[in-house]
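Reading through the structure tokens given below for one structure.
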Amino acid sequence: MDPILDRWFYSRDTVLVARDLLGKLLVCKYNRKLLSGIIVETEGYRASDDPASHAYKGKTRRNAPMFDLVGYSYVYFIYGNHFCFNVVAKSNDQKAGAVLIRALEPLDGIEFMQKNRKQEDLQLLTNGPGKLTQALGISQDHNVLDLTKLKKLYIVDGILVKSDDVVTTNRIGIGVAHEKQWRFYLASNRWVSK
DNA sequence: CACCCGATTATCT
DNA sequence: GATAATCGGGTGT
């Protein structure tokens, strides 16, 4: 098995970690099944320098993991319907930070993902932040789990990413900080959102 | 307790 | 492309 990403990996600048998570493998154990996918799209969210971040105005009950728990999951509920899965990552000089996982290329347990999503079409299975959490069965129960341990949810090394395959753009679905180029995706991959 | 709104998605036209 | 769905968090009264 590929080596699991350790605490050090996540203890770096949020935007750098967002870039480096491309090509890694997200694994989720679901009803004794193993569901996984290759991370093909991410976005970085920081703290007081980032008006688009949950952590912008300081620590609250919801966003507390972003401040304290490097290498842990941060899952939140949005628009009354969807869960978004984030990885807490930041350097010591940042107060908070997390990487939103926006899309996966489905790998293991595809038939269970199709069942979870009520969606047969592979193309539409995990090509968005709310879609991939539904496919993997990620909900509020998966908030604040240590991703550096081989338990319910973790991330391991995956495929080699060529630097000229990485596209950098502004983030999606936010009304502020459009100038920040903190979204990354693999140009050659079909599962990128939108 | 009332109000506003969001790191989205599916389903229209 | 436009919009309804849907509900918990955050804020202020």
Side-chain angles (χ1 to χ4, degrees), chain A residues 10 13-22 24 26 28 37 39-70 72-90 94-106 113-145 147 153 155 167-186 190-194:
Chain A
Y10 301 107
D13 178 79
T14 306
V15 178
L16 195 62
V17 175
R19 156 67 183 77
D20 286 352
L21 277 171
L22 293 177
K24 302 295 190 267
L26 173 63
C28 183
I39 297 170
V40 299
E41 180 181 353
T42 63
E43 283 177 356
Y45 288 88
R46 299 210 299 206
S48 54
D49 64 336
D50 183 7
S53 173
H54 288 177
Y56 180 55
K57 292 178 181 172
K59 195 192 285 191
T60 66
R61 183 183 193 84
R62 179 175 66 156
N63 68 20
M66 288 181 69
F67 287 76
D68 299 320
L69 298 169
V70 168
Y72 280 68
S73 59
Y74 169 49
V75 177
Y76 63 87
F77 187 59
I78 191 73
Y79 294 117
N81 281 300
H82 313 287
F83 294 100
C84 286
F85 169 70
N86 298 253
V87 178
V88 177
K90 68 179 193 69
Q94 281 175 247
K95 282 210 166 60
V99 177
L100 172 68
I101 308 303
R102 288 195 57 90
L104 300 175
E105 175 177 335
M113 297 189 205
Q114 289 170 317
K115 207 170 171 184
N116 286 343
R117 290 266 299 129
K118 298 180 170 61
Q119 172 64 260
E120 294 287 310
D121 190 344
L122 285 187
Q123 192 66 52
L124 303 175
L125 208 51
T126 52
N127 65 333
K131 298 178 190 179
L132 71 90
T133 52
Q134 186 179 34
L136 297 188
I138 293 174
S139 68
Q140 207 60 46
D141 298 342
H142 296 74
N143 194 24
V144 192
L145 297 181
L147 302 172
L153 196 57
I155 302 176
V167 180
T168 304
T169 73
N170 55 312
R171 293 169 293 179
I172 288 179
I174 55 174
V176 291
H178 289 295
E179 78 287 356
K180 288 183 167 41
Q181 304 281 295
W182 291 354
R183 171 176 177 244
F184 303 93
Y185 65 88
L186 297 179
R190 302 162 47 207
W191 279 269
V192 170
S193 72
K194 225 182 175 181

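Computation of the quantities below employed the complete heavy-atom set of this structure, encompassing side-chain atoms and omitting hydrogens, waters and symmetry-equivalent molecules. Each chain gets a letter, A, B and so on, in the order the sequences are listed, and its residues count up from 1.
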Practice problem: Rounded to whole angstrom, note down the C1' distance from B/dC5 over to C/dT3. | Solution: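 It works out to 16 Å between them.
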Quiz item: Just the dot-bracket of DNA chain C, please: which string comes out with Watson-Crick or G-U pairs under 3.5 Å, [ ] for crossing, | for another strand?
Solution: |||||.||||||.
Quiz item: Does A/Lys115 have any side-chain hydrogen bond (donor to acceptor under 3.5 Å, both in side chains) partners at least two apart in sequence or in another chain, and if so, which?
Solution: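 Listed in chain order: nothing, the list is empty.
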Quiz item: Checking A/Ser53 side chain against A/Ala55 main chain: does a donor-acceptor pair fall under 3.5 Å?
Solution: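 Looks like yes, one N/O pair under 3.5 Å.
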Exercise. Verify, without hydrogens or angle tests, whether A/Trp191 (side chain) and A/Leu122 (backbone) share a donor-acceptor contact under 3.5 angstrom.
Key: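 At least one qualifying donor-acceptor pair exists.
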Self-check item: Letter per nucleotide, 5' to 3', of nucleotides 5-13 of chain B [B base touched, S only sugar-phosphate touched, - untouched; heavy atoms, 4.0 Å]
Solution: -BBBSS---
Exercise. Enumerate the residue pairs fulfilling salt bridge (Lys or Arg N to Asp or Glu O under 4.0 Å) with a member in residues 41-51 of chain A, sequence neighbours excluded, ordered by first and then second residue.
Key: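 Non-adjacent pairs meeting salt bridge (Lys or Arg N to Asp or Glu O under 4.0 Å): A/Asp13-A/Arg46, A/Glu41-A/Arg102, A/Glu41-A/Arg183, A/Glu43-A/Arg102, A/Arg46-A/Asp49, A/Asp50-A/Arg171.
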Quiz item: Tell me the salt bridge (Lys or Arg N to Asp or Glu O under 4.0 Å) pairs involving residues 116-131 of chain A, sequence neighbours left out?
Solution: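 Passing the test, one end in residues 116-131 of chain A: no pairs.
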Self-check item: Spacing of CG belonging to A/Leu136 relative to CE belonging to A/Met113, to within rounding of 0.5 Å
Solution: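 Rounded to the nearest 0.5 Å, the CG-CE separation comes out at 5.0 Å.
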Quiz item: How many angstroms lie between atom OG1 of A/Thr169 and atom CZ of A/Phe184, to the nearest 0.5 angstrom?
Solution: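 CZ of A/Phe184 is found 8.5 Å from OG1 of A/Thr169.
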Exercise. Might you confirm whether atom OH of A/Tyr56 has over 12 heavy atoms from other residues, nucleotides or ligands at distances under 6.0 Å?
Key: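 Counting neighbours around OH of A/Tyr56, 12 or fewer heavy atoms of other residues, nucleotides or ligands fall under 6.0 Å, so no.
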Quiz item: Can you name the one residue among A/Lys90, A/Lys59, A/Lys95 that meets salt bridge (Lys or Arg N to Asp or Glu O under 4.0 Å) with A/Asp68?
Solution: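 Only one option passes, and that is A/Lys59.
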Quiz prompt | Leading and trailing nucleotides of DNA chain C with any atom under 4.0 Å from heavy atoms of chain A | solution =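 First-to-last contact on DNA chain C, by the 4.0 Å heavy-atom rule, is C/dA5 to C/dG10.
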Quiz item: A/Tyr76 vs A/His54 aromatic rings, parallel, tilted or perpendicular, using cut-offs 30° and 60°?
Solution: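 Plane angle over 60°, so perpendicular.
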